[in-house]
2 protein chains.
Amino acid sequence: MGTTKSDHFSVKQNQIANIAKAIGHPARVAILDYLTKVDSCICSDIVNELPLAQPTISQHLKELKTAGLIKGNIEGNAICYCIDEKAIEKIQAYFTKLAGAIANPKNTCC
Amino acid sequence: MGTTKSDHFSVKQNQIANIAKAIGHPARVAILDYLTKVDSCICSDIVNELPLAQPTISQHLKELKTAGLIKGNIEGNAICYCIDEKAIEKIQAYFTKLAGAIANPKNTCC
DNA sequence: ACTTTATATCGTAATATTGCAATATTAAAA
DNA sequence: TTTTAATATTGCAATATTACGATATAAAGT
């Protein structure tokens, strides 16, 4: 028990869940917000920007990267992180589908 | 430690994170998928549809409801669950914003 | 070579999540 | 009113997540 039964669900469902899970923490939302706001992605200015210790930020960045939401480029001894379009597009398409289903509701009970 | 420092982030960031977190499990994605697919929301047919025990489904439904992603209507001794537009719209708007930031990238490093 | 700067990894404590059996609740049906 | 059907709650074991200090790594500056 305690383990998510991911093998009982479709690949698509697991993909969406993984992306959503990565976004499912305020610190990671804050990182995404910061990356869209800032002109050059001055890497870990993020550490100075957020009220979390450097190892914690590093961990969150790793999770965002694993989920495909951001990508990093090595620049000298620093790393430049940017938002990656792939995962964003995938989950955006999912919500468009959901929103479409709401626009033409088949359910009449609620 | 181990507690999410939600008080260090904005209300908006916490809202987005909470919605995303609710979607961040394949069983809950499967429930949302099922609710958009089915004509009438025959409530917990979900229990028959998914490979999880009834208390587990009930728990997942509660989380989706708390996040505002679904709403339930009592119909006799059954409950009719449907997707709720509010949270979907909120998170969809968030992804549109992110996608827009990608379309006009300010970052040149990645 | 030594120091600084930027980032990652390890280890670990605190807490949260997942899943289910057992049990409770509530309303229809017999 | 007893039974059945649909759902919720409780309690608990297994596992996952969050956060951070300490430490490692790696490139740049001195």
Side-chain angles (χ1 to χ4, degrees), chain A residues 1-9 13-14 17-18 20-31 34-35 40-67 70-82 109-110, chain B residues 1-9 13-14 17-18 20-31 34-35 40-67 70-82 109-110:
Chain A
M1 332 272 124
T3 335
T4 296
K5 291 185 159 185
S6 50
D7 48 318
H8 292 311
F9 303 99
Q13 285 165 346
N14 279 294
N18 280 331
K21 194 175 176 183
I23 304 170
H25 191 287
R28 294 194 289 265
V29 174
I31 290 173
Y34 182 74
L35 286 179
S40 59
C41 49
I42 323 168
C43 321
S44 283
D45 288 342
I46 301 170
V47 175
N48 298 321
E49 193 70 10
L50 301 192
L52 292 169
Q54 180 268 321
T56 309
I57 300 286
S58 189
Q59 201 177 272
H60 283 308
L61 286 170
K62 193 179 177 183
E63 279 171 74
L64 286 170
K65 202 175 167 192
T66 302
I70 62 172
K71 51 188 171 183
N73 239 27
I74 298 172
E75 292 202 338
N77 64 337
I79 293 177
C80 173
Y81 281 109
C82 313
C109 69
C110 309
Chain B
M1 332 274 123
T3 334
T4 296
K5 291 185 159 185
S6 50
D7 48 316
H8 291 311
F9 303 99
Q13 285 165 345
N14 278 294
N18 281 331
K21 194 176 177 184
I23 304 169
H25 191 288
R28 294 194 288 266
V29 173
I31 290 172
Y34 182 75
L35 286 179
S40 61
C41 50
I42 321 167
C43 320
S44 283
D45 290 341
I46 300 171
V47 175
N48 298 322
E49 192 71 9
L50 300 192
L52 293 169
Q54 180 268 320
T56 309
I57 300 286
S58 189
Q59 199 176 273
H60 283 308
L61 286 170
K62 193 179 177 184
E63 278 170 74
L64 286 169
K65 201 175 167 192
T66 302
I70 63 172
K71 51 188 172 183
N73 239 29
I74 299 171
E75 292 203 337
N77 62 338
I79 293 178
C80 173
Y81 281 110
C82 313
C109 67
C110 310

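Sequence lines set the chain letters: A, B, ... in the order given, protein chains first and strands last, and positions in each chain run from 1.
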Round to a whole Å and report the spacing from [atom1] of [X] to [atom2] of [N].
| X | N | atom1 | atom2 | answer |
| --- | --- | --- | --- | --- |
| B:H25 | C:dA16 | NE2 | C1' | 13 Å |
| B:E75 | C:dT26 | CD | P | 19 Å |
| B:D7 | C:dT15 | CG | C1' | 15 Å |
| A:L52 | C:dT7 | CG | C1' | 16 Å |
| A:I46 | C:dA8 | CD1 | C1' | 14 Å |
| A:D45 | C:dT7 | CG | P | 8 Å |
| B:N73 | D:dA6 | CG | P | 18 Å |

Could you measure the distance from the [atom1] atom of [X] to the [atom2] atom of [Y]? Nearest 0.5 Å is fine.
| X | Y | atom1 | atom2 | value |
| --- | --- | --- | --- | --- |
| A:N14 | A:K21 | CG | NZ | 10.0 Å |
| A:I31 | A:L64 | CD1 | CG | 5.5 Å |
| B:I23 | A:I23 | CD1 | CD1 | 8.5 Å |
| B:R28 | B:I70 | CZ | CD1 | 10.5 Å |

Handout entry: A:Y81 vs A:L61 side-chain heavy atoms within contact, under 4.5 Å
Key =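 Result yes, sub-4.5 Å side-chain heavy-atom pair found.
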Exercise for the section: Verify the contact: side-chain N or O of B:K21 to OP1 or OP2 of C:dT17, cut-off strictly under 4.0 Å; return yes or no. Expected result: yes
Problem - Phosphate contact (C:dA6 OP1 or OP2) by A:Y81 side-chain N/O below 4.0 Å - result: no
Problem - Nucleotide nearest B:N77 (side chain, heavy atoms from C-beta), chosen from D:dT18, C:dA28, D:dA8 - result: C:dA28
Handout entry: Presence of donor-acceptor pair under 3.5 Å, side chain of A:Q54 and base of C:dA8
Key =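 Looking at the base of C:dA8, it does pair with a donor or acceptor on the side chain of A:Q54 (distance under 3.5 Å).
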Practice task
Find which nucleotide of DNA chain D each of B:I79 and A:G24 is nearest to by heavy atoms, and output the residue with the more 5' nucleotide.
Solution key: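 Counting from the 5' end, the first nearest nucleotide belongs to B:I79.
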Handout entry: DNA chain D-proximal residues of residues 56-63 of chain B, any heavy atom under 4.0 Å
Key =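 Close to the strand are B:S58, B:K62.
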Problem - Any donor-acceptor pair under 3.5 Å from A:S58 side chain to A:Q54 backbone - result: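 Not confirmed, A:S58 side chain does not pair with A:Q54 backbone.
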Practice task
Report the relative orientation of the aromatic rings in A:H60 and A:H25; use parallel for angles under 30°, tilted for 30 to 60°, perpendicular for over 60°.
Solution key: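 Rings of A:H60 and A:H25: tilted, 30 to 60°.
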Handout entry: DNA chain C: 5'-proximal contact among A:P55 and B:P55 (nearest heavy atom)
Key = A:P55
Exercise for the section: Would you classify B:I74 as touching base, sugar-phosphate or nothing, given that sugar-phosphate means primed atoms plus P, OP1 and OP2, and contacts are heavy atoms under 4.0 Å? Expected result: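 Counting heavy atoms under 4.0 Å across all strands, no contact is made by B:I74.
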